[in-house]
Amino acid sequence: MSYLLNGREQRILEDAIAYGKRHFEPYAAQWESEGRFPSETYTRLGADGYLGMYIDKTLGGQSMSFLESALIYEGLSRSSFSMTLAIECHNNMSYEMSIFDTSDEVKGLLPGMVGGDELLAFGLTEPQAGSDPNSMSSYATPVEGGYLLNGLKTWVTNGCEATQFDVTVKLGGADERQMVTFLIDMFTEGLEIVSDTKTMGGNLLSKAVIRMTDCFVPASRLVSRNGYKDAIFSVLIARIFTPAMAIGLCEEAIESTAEYLGERIQFGRPLLSNQTIQWELGELQAKVEAGRQLVYHTAAMMDTGVMPKREAAMSKLFCGDLAMEVTTACCQLMGAEGYRTGSKIERLFREAKMASIIDGTSEIQKLLLGADLVKRYVGREY
Ligand SMILES: Cc1cc2nc3c(=O)[nH]c(=O)nc-3n(C[C@H](O)[C@H](O)[C@H](O)COP(=O)(O)OP(=O)(O)OC[C@H]3O[C@@H](n4cnc5c(N)ncnc54)[C@H](O)[C@@H]3O)c2cc1C
């Protein structure tokens with residue numbers, strides 16, 4: 001395994017940075033203040049090669065590796081973590097539709113997923129089931145020709161704009177153990193968007209509450225009979241890519257801060273010429289580089305066919321927390337400017353918090369790493 005990016009990988013990263021700077025950066029603050037998902041920007045992403053990259057070429061994708069895809073997320077996230085999260089969420093769901101044994105009807109939607117006509121959302125979390133998806137109570141009842149779904153899903157990223165919903169529920173009743181996953185069309189009767197949850201950052205993203213009331217879903221839309229395992233697989237993929245996005249955000253925060261401090265004169269000299277400030281930024285840079293290597297290593301492992309469960313947990317934990325550490329330090333280093341509503345660092349600070357919550361919180365990553373240790377050194381699970 002090479003620890004250096006090759007020419008193609010380097011170009012992919014640079015192109016993604018340039019793309020974000022051109023199409024996201026000029027509007028990111030406005031999207032954030034208006035709390036509006038930029039559909040016009042989303043629709044062009046397909047033609048520009050940023051949708052369905054890791055879907056196989058035979059199904060309309062680009063057969064990109066996980067490492068190459070992580071580089072894209074790192075690059076785009078430099079300009080908007082939130083927009084990149086919307087794309088990542090869609091891409092991960094689309095990828096699943098391409099690798100699962102789905103019906104011709106579902107496979108037939110792939111060109112729209114890769115082209116940008118479809119936008120996918122992921123519904124796992126419920127009011128009583130966050131870190132512990134097993135405690136969900138939404139369920140599907142088998143009926144003639146399909147299933148009737150009932151229940152509530154919360155925090156559905158892209159939920160207000162999505163055309164298709166990847167939803168995991170219990171099979172048979174709320175107290176059952178088996179979970180199944182469906183891909184539900186937005187126009188399905190009984191599927192209702194109840195509200196959009198407002199958050200401290202990432203306001204361009206919708207985080208919808210959706211209700212299913214005797215929502216009939218045909219059997220052709222059942223995409224997994226092993227819903228828990230497959231939902232965990234989606235989360236694993238997200239734990240490869242979300243840290244890459246966190247690294248992009250950290251890099252941008254450090255660069256913006258250094259630029260500002262290089263120009264800001266206090267006591268007759270640029271603030272950046274103070275050694276204590278240089279040390280702090282130097283230390284942060286070292287941590288970001290360490291996180292980046294963890295991201296690349298995890299993605300490269302996935303490319304070899306090994307499930308990097310432990311590495312993904314470490315990467316998610318380290319990079320998620322680092323995003324907060326870096327942006328907190330950068331806000332402080334920029335003084336009042338860092339605290340000003342509308343300043344770039346203020347937006348990055350608010351977005352950074354998402355990185356340690358989504359796709360399993362930092363505490364859950366620590367639990368996973370701890371459980372792995374117990375299994376290895378005690379020999380059984382507790
Ligand atoms: C911006 C955003 C987007 C999201 N998008 C989606 C989406 O698209 N689809 C989706 O299904 N969900 C989504 N989520 C939900 C997300 O996955 C959950 O928020 C996350 O899994 C944590 O669940 P919770 O918020 O219910 O926290 P809880 O499970 O209620 O946990 C609360 C706190 O307790 C800690 N904790 C929990 N269990 C333990 C334990 N055993 N030991 C120690 N500490 C523990 C947690 O780390 C956390 O700090 C999104 C959330 C956000 C904020």
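For clarity, every value in this text was computed on a predicted model and none was experimentally measured. The basis for the numbers below is simple: all heavy atoms, side chains too, and nothing from hydrogens, waters or symmetry mates. As the structure lists them, so they are numbered: ligands from 1, and atoms in each ligand from 1.
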Q: I need the atoms of ligand 1 closer than 4.0 Å to a non-hydrogen atom of Met354, numbered in the order shown.
A: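 Heavy-atom distances to Met354 below 4.0 Å select 1 (C).
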Q: side-chain hydrogen bond (donor to acceptor under 3.5 Å, both in side chains) for Glu289 and Gln285? Distances and angles first, verdict last.
A: CA-CA 6 Å; Glu289 191 52 41; Gln285 276 183 303; over 6 Å; no
Q: Are the side chain of Ser343 and the backbone of Glu337 linked by a donor-acceptor contact shorter than 3.5 Å?
A: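 It does hold such a pair.
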Q: State the atoms of ligand 1, each with its element, that fall below the 4.0 Å cut-off from a heavy-atom position in Glu363.
A: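 Counting atoms of ligand 1 from 1, those under 4.0 Å from Glu363 are 44 (N), 46 (C), 47 (O), 49 (O).
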Q: I'd like to know if atom 32 (C) of ligand 1 has any protein heavy atom within a distance of less than 4.0 Å.
A: no
Q: Among protein heavy atoms, which lies nearest atom 46 (C) of ligand 1, and at what distance?
A: Thr361 OG1, 3.6 Å
Q: Does Glu189 have more than 12 heavy atoms from other residues, nucleotides or ligands lying within 6.0 Å of its CD?
A: no
Q: Any nitrogen or oxygen of Thr125, side chain or backbone, less than 3.5 Å from one on ligand 1?
A: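 Yes.
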Q: Please confirm whether the backbone N or O of Leu67 pairs with a side-chain atom of Glu9, one donor and one acceptor, at under 3.5 Å?
A: no
Q: Any idea which atoms of ligand 1 are less than 4.0 Å away from a heavy-atom of Phe122?
A: 7 (C), 8 (O), 9 (N), 10 (C), 11 (O)
Q: Quick one: which residue pairs count as a salt bridge (charged side-chain N to carboxylate O under 4.0 Å, His left out) with a foot in residues 45-64, not counting sequence neighbours?
A: Arg44-Asp48
Q: Has Asp185 got a side-chain atom pairing as donor or acceptor with Phe187's backbone, closer than 3.5 angstrom?
A: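 Confirmed, Asp185 side chain pairs with Phe187 backbone.
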Q: Measure from the side-chain N and O atoms of Lys344 to the backbone N and O of Thr257, and report whether any donor-acceptor pair falls under 3.5 Å.
A: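 Here the side-chain-to-backbone pair does not exist.
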Q: Without swapping roles, check the side chain of Asn158 against the backbone of Ala86 for a donor-acceptor pair under 3.5 Å.
A: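 At least one qualifying donor-acceptor pair exists.
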Q: To check your reading of the model: name the closest protein heavy atom to atom 7 (C) of ligand 1, its residue, and the distance in Å.
A: Trp155 O, 2.8 Å
Q: For atom 52 (C) of ligand 1, find the nearest protein heavy atom and state the residue, atom name and distance (0.1 Å precision).
A: Ile358 CG2, 3.5 Å
Q: When you look at Thr213 and Glu192, which way does the side-chain hydrogen bond (donor to acceptor under 3.5 Å, both in side chains) test go after all the steps?
A: CA-CA 8 Å; Thr213 313; Glu192 176 198 355; 4.8 Å; no
Q: Heavy atoms only: which of Thr157, Leu367, Asp166 lies closest to atom 3 (C) of ligand 1?
A: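 The option holding the nearest heavy atom is Thr157.
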Q: Is there any side-chain hydrogen bond (donor to acceptor under 3.5 Å, both in side chains) pair reaching into residues 140-152, and which pairs are they, with sequence neighbours excluded?
A: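 For residues 140-152, and leaving out neighbouring residues, the side-chain hydrogen bond (donor to acceptor under 3.5 Å, both in side chains) pairs sorted by first residue read Asn150-Asp214.
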Q: Counting non-hydrogen protein atoms only, what is the nearest one to atom 27 (O) of ligand 1? Give residue, atom name and distance.
A: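 The protein heavy atom lying closest is Ser131 OG, 4.0 Å.
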Q: Protein heavy atom under 4.0 angstrom of atom 49 (O) of ligand 1, is there one?
A: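 Protein heavy atom within 4.0 Å of atom 49 (O) of ligand 1: present.
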Q: When you compare ligand 1 with Leu124, is there at least one nitrogen or oxygen pair between them that comes in under 3.5 angstrom?
A: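 For ligand 1, there is an N or O atom that lies under 3.5 Å from one belonging to Leu124.
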Q: If I apply the N/O under 3.5 Å rule, does Asp132 come out as touching ligand 1?
A: no
Q: Kindly identify the option in Leu85, Ile364, Ile357 whose heavy atom sits closest to atom 39 (C) of ligand 1.
A: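 The option holding the nearest heavy atom is Ile364.
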Q: Under 3.5 Å, is there a donor-acceptor pair between the side chain of Thr168 and the main chain of Thr181?
A: no
Q: Can you pull out the closest protein heavy atom to atom 24 (P) of ligand 1? Residue, atom name and distance to 0.1 Å, please.
A: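 Looking only at protein heavy atoms, the one closest to atom 24 (P) of ligand 1 is Gly130 CA, 4.0 Å.
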Q: Thr154 to ligand 1: N or O pair under 3.5 Å?
A: no
Q: Counting only heavy atoms on the protein side, is anything nearer than 4.0 Å to atom 1 (C) of ligand 1?
A: yes
